[in-house]
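Only one structure is covered here, and it is reproduced in the block below.
Letters go in sequence order (proteins before strands), and every chain restarts at 1. As the structure is a computational prediction, the values presented were derived from the model and not from experiment.
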Amino acid sequence: MSDLQLEIKQMIIETLDLEDIEPAEIIDDEPLFVEGLGLDSIDALEIGLALQKRYGIKLKADSEDTREHFSSVNALAILIESQRAS
Amino acid sequence: MTNLLSLTCWLNSAPEGVIAYAADSSVSKSDLENRVAFWMRILPAEKGQRWAVYHKDSAEFLSIVFALWQLDCIACIPGDNRPATCERLRQRVQGFIGDFPADLVSYDISGVVVSFDVAPEWRVLNTDSPALEIYTSGTTGEPKAIGKTFAQLESEVAALEALWPGNRDAVVISTATHQHFYGLIFRLIWPMVRGQCFEIQQWQYTEDVYSRAQRYSAFSLVSTPSHLGRINTTVAWAEVAERCCSVLSSAAPLQRKDSLSVAKLLKTQVREIYGSSETGAIAWRIQSDRNEEAWQALPGIRLSQTDDSLLTVTANQLLEPGFKMSDRVEFVCDGRFKLLERVDRIVKVEGKRVSLAEVELVVQNNPFIEVVKALVITRKRTEVALVAELTGMGRQELALIGKRKLVQQFRQYLQDFFEPVLLPRRWRFVDQMPYNAQGKLPMDSLQAMFEQEEVKWPELLSQTVEGQVAELVCRIPAELIYFDGHFAGNPILPGIAQVHWAEHYGRQMLNLTGRFDRLQVIKFQQVIFPESTISLSLEFNPETDKLSFRFYSDKGVHSSGRICFS
């Protein structure tokens, strides 16, 4: 697990106030929503805000695209890295 | 009088031209009429029947609803299309239309094409006929059906129009779904009878709202506290603020700070609506930057209260006068009121209404659950939480797969019944519910299990009181602040914490009120480690004002002593 992945997992647990789960228990490529971690639409809004606050990420106004970035920890890592690079 | 189109002859009287916008296209009135004719052709519906409608596309949804109305049927609008919802609806409706499992859908759309050059003359609907049936959580735990006639719907929007006539050129953009009554009225029916265009898609992110707003010279936003409270403030709202004609929020009260923040970003005051599925919209407020604003009745609505402070409503949109709400209120001045608490076990979670009794009924049906209590807690967000005693089978499963996996199983089971935001996010499995000496289950003790302060207390697995004797079984969480620095690498529970706990639970459970004076015969015999399960026995002697305590486990006694009060 890379540092960024770990950081994202910690961000998710902290931002969403999740309990009974350690960062190591979140699987990098497991779905975050519905199945897997079981997050909901409010969590999606919170993650969007946290990404903006911590990484200065602006979400593109295109829901399809956004949903793809939010699908897993790996997808979030790719989003953060791509914005760091640009 | 307001100059609104009538719902009952809307198809004939609405002007030609664009009525709605899709992502990259528009829907004209004749497009809609074609779809109405299409649905009338294929639906095997007969006069007086009920049909369930669920469709994400608001224009298609409206086409289906209009087709049902033309066929003299009632459109039944569920808030979701979960398996349990469909199962329940099956008893009530003739058939299902739209986004439902294939085996429930009883019509065939293959090869049907309907098109006409001259629009047909549509039937004028009877204003007192039932138009809709919607569903909401009932106090008994069973969802209840609420019927609405055309007259009721028209009377509700007439009250809104009388208060807020506003700009009809503004396109309605929404984060709310039309499958809920609030969204149905505010983003579809009201715009439609005003001849105002609406977007057919529901938007989830505020970034989407921003990008949609850029497309129109004027727009209105219909939203909820869930979205307005989480608006992305870094988006260049200033670019679209000039085009914003109104912002509406409903489903739950919006926090004042969120209302003011949105008002600043969009340079538009947020209009809040208070109401319910049963009554429709009945009151409104606009927050002021000085203090918490009270609610006031919409035009034509008369409000009063019962002896026990319940709000009662009399309005044209209600069939009977004096409808009693489940909210307690306090009237302040000029007929304005403040909302106090609800009197039943129905709660709002992120604007969605749910009956805690229903949650308990459903959870109770699981073979792993012996008894369960549902409650609403507010931490970072408002959420449903559960305290449960497991059955023998449930306890075995817990030991086998652990809490996280077990909770995951429960959530999966509950998904068939509840929308995701209503699923319990926090679970406590206890050996025994925390009944007090009177045999009651105090809400405070349940709430306390979910408090998020620094961990200063053990996790209580059971507690009993009998006369002057209290018995507690508790788990010693590793996160206790007392373990910090108390022998790095080899944490043990400090003696002072044990004395403090004994005093605390003595006061709480045995109602001790005296002042802590001194300690007697204190013995620390064995250390207490993190994650162990420990029992605490407390006995108070009222004659000497002394509380004896004893921490013990299967390893024997850990500590004991007496606290003298004065």
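Looking at B/Q408, the atoms closer than 4.5 Å to chain A (heavy atoms on both sides) all sit in the side chain, from C-beta outward. When heavy atoms are compared at a cutoff of 4.5 Å, B/R230 approaches chain A by way of both its backbone and its side chain. The contact between A/E14 and chain B is made entirely by backbone atoms, counting heavy-atom distances below 4.5 Å. Contact annotation for B/I231: only backbone heavy atoms (N, CA, C, O) come within less than 4.5 Å of a heavy atom of chain A. Residue B/Q415 touches chain A through its side chain alone, counting heavy-atom pairs closer than 4.5 Å.
Looking only at atom types and distance, the side chain of B/T85 has a donor-acceptor partner in the side chain of B/D80 under 3.5 Å away. Side-chain polar atoms of B/S226 and B/E350 form a donor-acceptor pair below 3.5 angstrom.
Electrostatic pairing of A/D17 and B/R381 does not count as a salt bridge here, judged by no charged N lying under 4.0 Å from a carboxylate O. Ion pairing of B/D431 with B/R395 is absent here, as no side-chain N (NZ or NE/NH1/NH2) approaches a carboxylate O to less than 4.0 Å.
Most heavy-atom pairs under 4.5 Å with chain B: of the set A/L18, A/I21, A/L39, A/L37, this distinction falls to A/I21. Counting heavy-atom pairs closer than 4.5 Å to chain A, the top residue among B/V421, B/V209, B/N232, B/V407 is B/V421. Heavy-atom pairs under 4.5 Å with chain B peak, among A/L45, A/I42, A/D43, at A/I42.
Every residue meeting the ring pair (Phe, Tyr, Trp, His ring centres under 6.0 Å) condition with B/H178, not counting sequence neighbours, appears here in chain and number order: B/F61. Considering only residues two or more places apart in sequence or on other chains, B/F368 meets the ring pair (Phe, Tyr, Trp, His ring centres under 6.0 Å) condition with none of them.
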